[in-house]
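Take a look at the structure below.
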Amino acid sequence: MTNEQYIEAIEKRHSRRAYKPKHLSQEIKDVIKQMVDVVNESADLDFLFIDDATPFFKIFSGKFSMIVIAGPDSQKAREDCGYYGESIVLQCVYHGLGTCWVSGTYNENKVYEAINLAPEKRIYAVITIGYAKDSYSLVEKSMYKATHKKNKSYQDMIEVCDEKLPEAYSYGLSLVEKGPSAVNRRPVKFRYENGVFSGHVDEPYSDKSVDFGIAKLHFVIGAKAKGVNGKWNFENVFEPIDSRRLKFEPKNNEEDEINGSTEKENE
Ligand SMILES: Cc1cc2nc3c(=O)[nH]c(=O)nc-3n(C[C@H](O)[C@H](O)[C@H](O)COP(=O)(O)O)c2cc1C
């Protein structure tokens, strides 16, 4: 999917809890399973696709599948679960499916019993996926009301900012504002100091780090749309590729040698 398509998905995504009474087609299930395999291989996580998720839910309606979002017991794994889980969410949403991250309103014990997860691994959430009803159900409307009484703007998420944010960063943050988070708490705090952009959550060894992983993905997509390619490093600092290149910036005419394009050669 292109970056523009990810943005389209961010713009139209909302948590959906009421699904049509038919299961996903086998073709769609196979594609989601492939995405799960790719995530597990590349990020060392333990996502698992479950065909029929309805037995684990009470207040969600209709037929739907789910991905169990699981991995090692570490802060990094929690963040990666958010980042990679949300990338699957956005791909599903782009292709017209309804999704919802869920960490509370399902029977977690029953899921642990149903799957064969190594004892040192943990379930952080599940993501339901199905054909959403055309209009929002009463349950959905009341849950939306309950979780959206107060909406934290992205400006409210900035803890420190010592100069005007570059447009790529403010746009990235505006997409963070549109991301899902447990009970819509938007717990990530961002800092922009001495030209360095970073983020953190209080209690990083908690499921707030899942929210942070989701926010990280939305931010990267937004910054990229405004021409700043970058990634989050292990200290939770956003590193634009350009500034990383500065480290290798050659002095004087060494540049030509490094680029392999000296004036002589060009003649
Ligand atoms: C990690 C996580 C856990 C969540 N847990 C639940 C849940 O247990 N039940 C539920 O109905 N929604 C849950 N949500 C959905 C949030 O309530 C929702 O993302 C938030 O209210 C923002 O609304 P939106 O997703 O429609 O933009 C969860 C979201 C995240 C990211």
Side-chain angles (χ1 to χ4, degrees), residues 1-10 13 24 27-51 53 65-95 97 99-103 111 115-129 172 175-176 179-181 188 198-201 204-225 228-241 244-245:
M1 242 167 68
T2 64
N3 206 55
E4 287 74 28
Q5 289 170 330
Y6 272 105
I7 291 174
E8 245 181 78
I10 289 174
R13 186 210 59 82
L24 293 174
E27 199 190 345
I28 289 177
K29 287 180 190 171
D30 288 343
V31 174
I32 299 172
K33 278 183 206 159
Q34 277 172 26
M35 293 196 275
V36 164
D37 289 344
V38 171
V39 166
N40 288 342
E41 271 165 37
S42 46
D44 193 24
L45 295 172
D46 300 271
F47 287 12
L48 182 74
F49 181 79
I50 296 199
D51 263 8
S65 300
M66 73 181 181
I67 300 172
V68 180
I69 302 297
D73 188 1
S74 67
Q75 180 186 333
K76 181 180 184 300
R78 286 167 170 80
E79 288 173 13
D80 287 348
C81 279
Y83 192 95
Y84 290 99
E86 182 67 359
S87 79
I88 297 179
V89 162
L90 294 177
Q91 291 179 68
C92 290
V93 169
Y94 182 79
H95 289 99
L97 301 174
T99 64
C100 189
W101 279 90
V102 185
S103 60
V111 177
I115 67 174
N116 195 15
L117 192 65
E120 71 277 12
K121 308 283 175 101
R122 290 202 43 186
I123 298 175
Y124 295 111
V126 300
I127 295 170
T128 57
I129 306 171
L175 297 191
V176 170
S181 65
V188 187
S198 63
H200 70 280
V201 288
Y205 206 69
S206 79
D207 62 357
K208 286 184 183 165
S209 286
V210 177
D211 293 334
F212 187 16
I214 295 171
K216 278 180 168 180
L217 177 69
H218 282 226
F219 184 83
V220 166
I221 291 170
K224 189 170 179 189
V228 178
N229 253 322
K231 63 172 195 170
W232 291 88
N233 71 18
F234 64 95
E235 283 172 330
N236 284 331
V237 169
F238 179 75
E239 284 188 332
I241 284 166
R244 266 188 277 150
R245 264 207 202 125

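Quick note: residue numbers are just sequence positions, from 1. This is a predicted model, so every value here is computed, not measured.
- Taking the ring centroids of Phe219 and Trp232, they lie under the 6.0 Å cut-off.
- Contact check for Val126 versus Ile50: no side-chain heavy atoms found under the 4.5 Å cut-off.
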*asked:* Could you go through Val210 and Ile69, starting from their C-alpha distance and side-chain angles, then the distance that decides it, and tell me whether this counts as side chain to side chain contact (heavy atoms under 4.5 Å, CB included)?
replied: CA-CA 10 Å; Val210 177; Ile69 302 297; 5.7 Å; no
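- Atom NZ of Lys224 is separated from atom NZ of Lys231 by 13.5 Å, given to the nearest 0.5 angstrom.
- Side-chain contact between Ile28 and Ile129 is absent, with no heavy atoms from C-beta onward closer than 4.5 Å.
- Contact check for Glu8 versus Met1: no side-chain heavy atoms found under the 4.5 Å cut-off.
- Counting heavy atoms from C-beta outward, Ile127 and Ile88 have side chains that stay 4.5 Å or more apart.
- The number of heavy atoms from other shown groups lying within 6.0 Å of CD (Glu120) is above 12.
- Side-chain atoms of Asn236 do not come within 3.5 Å of backbone N or O of Ser198 as any donor-acceptor pair.
- A cation-pi arrangement, defined by a distance under 6.0 Å to the six-membered ring centre and an angle within 45 degrees of its axis, is present between Lys216 and Phe212.
- Under the 4.5 Å side-chain criterion, counting only non-hydrogen atoms from C-beta, Ile221 is in contact with Leu90.
- Side-chain atoms of Met66 and Val111, non-hydrogen and from C-beta on, do get closer than 4.5 Å to each other.
- Within the model, atoms CG of Leu45 and OH of Tyr124 stand 9.0 Å from one another, a figure rounded to the nearest 0.5 Å.
- Across Asp80 and Ala43, no two heavy atoms sit closer than the pair OD2-O, 4.4 Å.
- Contact annotation: the side chain of Gln91 approaches that of Tyr6 to within less than 4.5 Å [non-hydrogen atoms, C-beta and beyond].
- Closest of all the heavy-atom pairs between Val38 and Ser42 is O-OG, 2.7 Å.
- Pairing each heavy atom of Arg13 with each of Val93, the nearest pair is CG-CG2, 3.7 Å.
- Surrounding NZ of Lys29 are more than 12 heavy atoms belonging to other residues, nucleotides or ligands, all under 6.0 Å away.
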*Determine, stepwise, if the pair Val188 / Val176 fulfils side chain to side chain contact (heavy atoms under 4.5 Å, CB included).*
CA-CA 9 Å; Val188 187; Val176 170; 5.7 Å; no
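- Of all heavy-atom pairs spanning Ser209 and Val201, the tightest one is OG-CG2, 3.8 Å.
- Taken from CZ in Phe49 to CG in Asp30, the straight-line distance is 8.5 Å, to the nearest 0.5 Å.
- Rounded to the nearest 0.5 Å, atoms CG (Leu48) and CD1 (Ile115) are 5.5 Å apart.
- Put simply, CG on Asn233 and CZ on Phe238 are 10.5 Å apart, with the number rounded to the nearest 0.5 Å.
- Checking Trp101, Tyr83, Tyr84 one by one against Ile214, the side chain to side chain contact (heavy atoms under 4.5 Å, CB included) holds for a single residue, Trp101.
- Counting heavy atoms from C-beta on, the side chains of Pro180 and Glu86 come closer than 4.5 Å.
- The two atoms that bring Ser74 and Ala77 nearest to each other are OG-N, 3.0 Å, heavy atoms only.
- Note that the CG atom of Leu24 and the CD1 atom of Ile32 stand 5.5 Å from one another [nearest 0.5 Å].
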